[in-house]
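Below: one structure, written as structure tokens.
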2 protein chains.
Amino acid sequence: MFSKACQYAIRAITLLAMEGRKGRRMALVEIAERTGTPRAFTAKVLQQLVRAGLLDSVKGPGGGFDLPPQKARQVTLSMVVKAIDNDDVYRGCGMGLPQCNARKPCPLHEQFQHVRENLRIMLESTNLHDLSMDLERGVTFLK
Amino acid sequence: MFSKACQYAIRAITLLAMEGRKGRRMALVEIAERTGTPRAFTAKVLQQLVRAGLLDSVKGPGGGFDLPPQKARQVTLSMVVKAIDNDDVYRGCGMGLPQCNARKPCPLHEQFQHVRENLRIMLESTNLHDLSMDLERGVTFLK
DNA sequence: CTAATTTCGGATAAGAACATCCTATATTTG
DNA sequence: CAAATATAGGATGTTCTTATCCGAAATTAG
């Protein structure tokens, strides 16, 4: 469904949303440790999120990555997924036809749209603040 | 969502279901042509379906691949997907956690289950006969 | 100002998915 | 039986994703 890069991104940014609420900034090493993701690769992923404007970063001692609470409320899962996986999840034919639309649909076109619409709504209506709250309460886990 | 191998499989076997209703058998070359998929790779995929028992094959002149109408009614999309992609679509955590279950769920566990349950029902309730009927009526297309 | 820390970014490597090629094997036709 | 046809399957190549490594740039602390 999502690429590994995208999965790592969601885990990392959820953690950052939680710590961000306490005004904390996190270094890459700590993020990778607490999410159980490979350091170097996670760095690349976080850089993409920064470039996409979903995350802040600060260099030097005491630096790291940072997601202010205000931003955590605005950023949705959908934005994170799009930043990493493009909008492959939304667009594109389930059966891989180069052209597939309502006028010339693949055999699964109809059924697929429903499933994907479901996914779209889920991703767009979930923000990082909500996800991080469950995490802080100890209801959910990152590794 | 599905691998290319799986997409090719669905396209090919849908076509075979349609032709099978007319008592026809199809050679690999014709299948690849009419589904717009790479020949050699499609061959591999069809072999997997044959080994999984979802499809019949006959060697030699006049041979090819064959899906009898009776079988087309019994074979669901779910079976095809499982034969090619294993049950990765059903199992596995959306965020890639090695262990993710109701007792120790990832932040998306709940939401993800709904989406995937939706997909599961869709795949299990769609059989090849139905798909091929739409194709024969010219309502849907394979390339 | 110097040294230490931390992200940034390019280069490179390892692995999986996708794709092709060629020979072997089975089957039909003449 | 011989020749032609078509799938089966192993070997190989290509491309994309995943992952690592290392030096550059920026920032803080002393």
Side-chain angles (χ1 to χ4, degrees), chain A residues 1-13 16 19 24-67 81 83-86 88-89 92 95-96 98, chain B residues 1-13 16 19 24-67 81 83-86 88-89 92 95-96 98:
Chain A
M1 191 89 81
F2 304 130
S3 69
K4 287 205 176 186
C6 190
Q7 295 177 337
Y8 297 162
I10 299 175
R11 289 201 242 166
I13 204 171
L16 282 165
E19 294 299 315
R24 288 196 200 130
R25 186 178 290 158
M26 296 185 76
L28 169 66
V29 185
E30 194 186 352
I31 297 173
E33 166 60 30
R34 291 180 52 188
T35 54
T37 59
R39 258 163 300 176
F41 191 63
T42 303
K44 299 288 186 198
V45 169
L46 289 176
Q47 280 168 36
Q48 286 188 70
L49 294 181
V50 171
R51 275 195 293 265
L54 304 183
L55 204 59
D56 299 333
S57 73
V58 179
K59 287 184 184 179
F65 298 89
D66 185 18
L67 182 62
V81 172
I84 306 296
D85 283 353
N86 305 309
D88 299 348
V89 186
M95 296 181 61
Chain B
M1 190 90 81
F2 305 129
S3 68
K4 288 204 176 186
C6 191
Q7 295 177 337
Y8 297 161
I10 299 175
R11 290 203 241 167
I13 204 170
L16 282 165
E19 295 298 318
R24 287 196 200 131
R25 188 178 288 159
M26 294 185 76
L28 168 67
V29 186
E30 194 186 352
I31 297 173
E33 166 60 30
R34 291 179 53 188
T35 55
T37 59
R39 258 163 300 178
F41 191 63
T42 303
K44 300 288 186 199
V45 169
L46 290 175
Q47 281 168 36
Q48 286 188 71
L49 294 181
V50 170
R51 275 196 292 265
L54 304 182
L55 203 59
D56 300 332
S57 73
V58 179
K59 287 185 184 177
F65 298 89
D66 185 17
L67 183 62
V81 171
I84 306 295
D85 283 352
N86 306 309
D88 299 348
V89 186
M95 295 182 61

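First the proteins, then the strands, lettered A, B, ... as listed; each starts at 1. Only a predicted model underlies this, so the values are computations on that prediction, with no experimental measurement involved.
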Could you check how far CD of Gln47(B) sits from P of dA26(C), rounded to whole Å? 14 Å
For the pair Glu19(A) and Arg34(A), find out whether any cationic side-chain nitrogen is under 4.0 Å from an anionic carboxylate oxygen. yes
Taking every non-hydrogen atom, the tightest pair across Leu67(A) and Leu54(A): CD1-O, 3.3 Å
Against the side chain of Tyr8(B), the closest entry in dT7(D), dA19(C), dT7(C) is dA19(C)
Leu49(B) versus Ile84(B): any side-chain heavy-atom pair under 4.5 Å? yes
Starting at CG of Leu28(A) and ending at P of dT20(D), how long is that distance when rounded to a whole Å? 12 Å
Is the closest side-chain heavy-atom distance between Thr37(B) and Ile31(B) below 4.5 Å? no
Side-chain contact, heavy-atom cut-off 4.5 Å: Tyr8(A) with Thr35(A)? no
What string of B, S and - do you get for nucleotides 25-30 of chain D, 5' to 3', when a contact is any protein heavy atom under 4.0 Å? -BBB--
Can you tell me how far the CE atom of Met26(A) sits from the CG atom of Asp66(A), to the nearest 0.5 Å? 11.0 Å
For nucleotides 10-12 of chain C, give me every protein contact, N/O to N/O, under 3.5 Å, one pair per line with atom names.
unit_1  : atom_1 : unit_2   : atom_2 : d
dG10(C) : N7     : Lys44(A) : NZ     : 3.1
dG10(C) : O6     : Lys44(A) : NZ     : 2.4

Distance in angstrom units between Ile84(B) CD1 and dC18(C) P, rounded: 11 Å
